[in-house]
Amino acid sequence: MQAFMDWILSTPPSYMMNNVRWAWPIAETIHFIGLIVMAGTVAAFDLRLLGVAKGIPPAELHRLIRWGLAGFGLSVVTGLLFISGAPDQYFYNNAFYFKSICLGLMGVNVTLFYSLGFKRILAMGPGDDAFPAAKVMAAASLALLVGVMLGGRMLTFFRPVTVY
Amino acid sequence: MAFLIWLESTAISVWIRESPSLWAFPFILYLHTLGLALLAGISTAFAIWVIRFAKTYPIAPMRQYFAYMWLGLAINTVSGLLLLAAYPAKALTNPVFYVKLVAIFAALAILGQLERRLFVDSNPQQALTPSVTNKRLALAMIALWLVATGTGRFLAYTHRILMASEPGFY
């Protein structure tokens, strides 16, 4: 693990994060902007499946998801920059593993959603109720989003002692 | 400064700042992020909808999302005041904090305007393409949320004073 972290610390992104004066807060700002766009668009779609704004077909609200994907991309890139800047802060941090597990489960949930129920969702019209499994997946998506944010926010408070 | 020193010495301020409990500062900070996602996140999604997609279906059902945005505002008002109580000098002596506040109030004013213009002043039961003015308002609100988010992050890096009672301690 130490050799892996040493290699990470030798990379250009790590150098940038540790030596460019405003790199860390700029990356944090972009990370949060990504979070806002992803969480907002995904939540809007999930809430529709759970019965909010039923007059709009889910397929229409699903058009927002491409924006959410862009936001997710921003958060992934900046998240990797954070890890490159201080890998020990993440690899020895239980909050990071909690966040990673939530992200992994989100991936499983999204895969299930698109492989099992997406066609039925696209066929729904205004006022239609989502089928029960879609509601469960939407609720799981929202819960996992909340979990990702919880893990992310708790990172600071679960840092290894060496960081201080 | 005397007021800030007094505020820092109140029981709630000391508890949030010094308690080792995760329910103190860490949980309040988490609530602030959750509120951000609800308010800025869903209103940004709504603004993108207004700018890019709203023309095929009546917009009336979209008003239901405002309940979640206002819930986010309530969460962030309470959590923001608690975070401010914990480190009042850190925020109130930093110009960046005031930029953040102005951006938040301007974004909220636009959100209220959009709600009135789209759901009260026009007929939300008809499928309409939002006016250029409404689209510009939506775009301005997104920009203001970006400013509020950025300044919020930079607060941690730009403060000159952490505690009024310990002016030499950053």
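We name chains A, B, ... by the order of the sequence lines, and we start the count at 1 in each one.
Contact annotation for A/M149: both backbone and side-chain heavy atoms come within less than 4.5 Å of a heavy atom of chain B. Contact of B/T158 with chain A is made through the side chain alone, with heavy-atom distances under 4.5 Å. Using a 4.5 Å cut-off between heavy atoms, A/A39 contacts chain B through its side chain alone, with no backbone atom that close. Interface remark: B/Y68 contributes side-chain atoms only to the contact with chain A (heavy atom separation under 4.5 Å). With a 4.5 Å cut-off on non-hydrogen atoms, B/T33 touches chain A through its backbone and its side chain both. With a 4.5 Å cut-off on non-hydrogen atoms, B/T56 touches chain A through its side chain but not through its backbone.
Annotation: cation-pi geometry satisfied between A/R120 and A/F131 (NZ/CZ under 6.0 angstrom from ring centroid, within 45° of ring axis).
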Taking it one step at a time, do A/Y114 and A/H62 satisfy ring-ring contact (aromatic ring centres under 6.0 Å, His included)?
CA-CA 12 Å; A/Y114 283 105; A/H62 187 267; 5.7 Å; yes
Between A/Y92 and A/F158, is the ring-ring contact (aromatic ring centres under 6.0 Å, His included) condition met? List the steps.
CA-CA 9 Å; A/Y92 297 110; A/F158 283 81; over 10 Å; no
Between A/W22 and B/F154, is the ring-ring contact (aromatic ring centres under 6.0 Å, His included) condition met? List the steps.
CA-CA 9 Å; A/W22 295 105; B/F154 271 76; 5.6 Å; yes
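The candidate from A/I30, A/L35, A/V146 with the greatest count of non-hydrogen atom pairs under 4.5 Å with chain B is A/V146. Contact count versus chain A (heavy atoms, under 4.5 Å) is highest, among B/T149, B/L29, B/L39, for B/L29. Most heavy-atom pairs under 4.5 Å with chain B: of the set A/P57, A/G71, A/P126, this distinction falls to A/P57. Considering only heavy-atom pairs separated by less than 4.5 Å from chain B, the leading option among A/I56, A/T41, A/L145, A/I26 is A/I56.
Residues A/W67 and B/W49 have side chains not in contact (no heavy-atom distance under 4.5 Å, counting atoms from C-beta outward). Between B/L111 and B/L73, the closest side-chain pair of non-hydrogen atoms is not below 4.5 Å. With contacts defined as side-chain heavy-atom distances shorter than 4.5 Å, the pair B/Y30/B/P26 does not qualify.
Between A/G85 and A/W24, the shortest heavy-atom distance links the atoms CA-CZ3, 3.9 Å.
Taking the charged nitrogens against the carboxylate oxygens, B/R116 and B/D121 do have a contact shorter than 4.0 Å, which makes a salt bridge. In summary, A/K135 and A/D129 engage in a salt bridge, as defined by a charged side-chain N under 4.0 Å from a carboxylate O.
With hydrogens and angles disregarded, no donor-acceptor distance shorter than 3.5 Å links the side chain of B/R117 to the backbone of B/T133.
Identified by a heavy-atom distance below 4.5 Å to chain B, contributing residues of residues 3-11 of chain A are lacking entirely.
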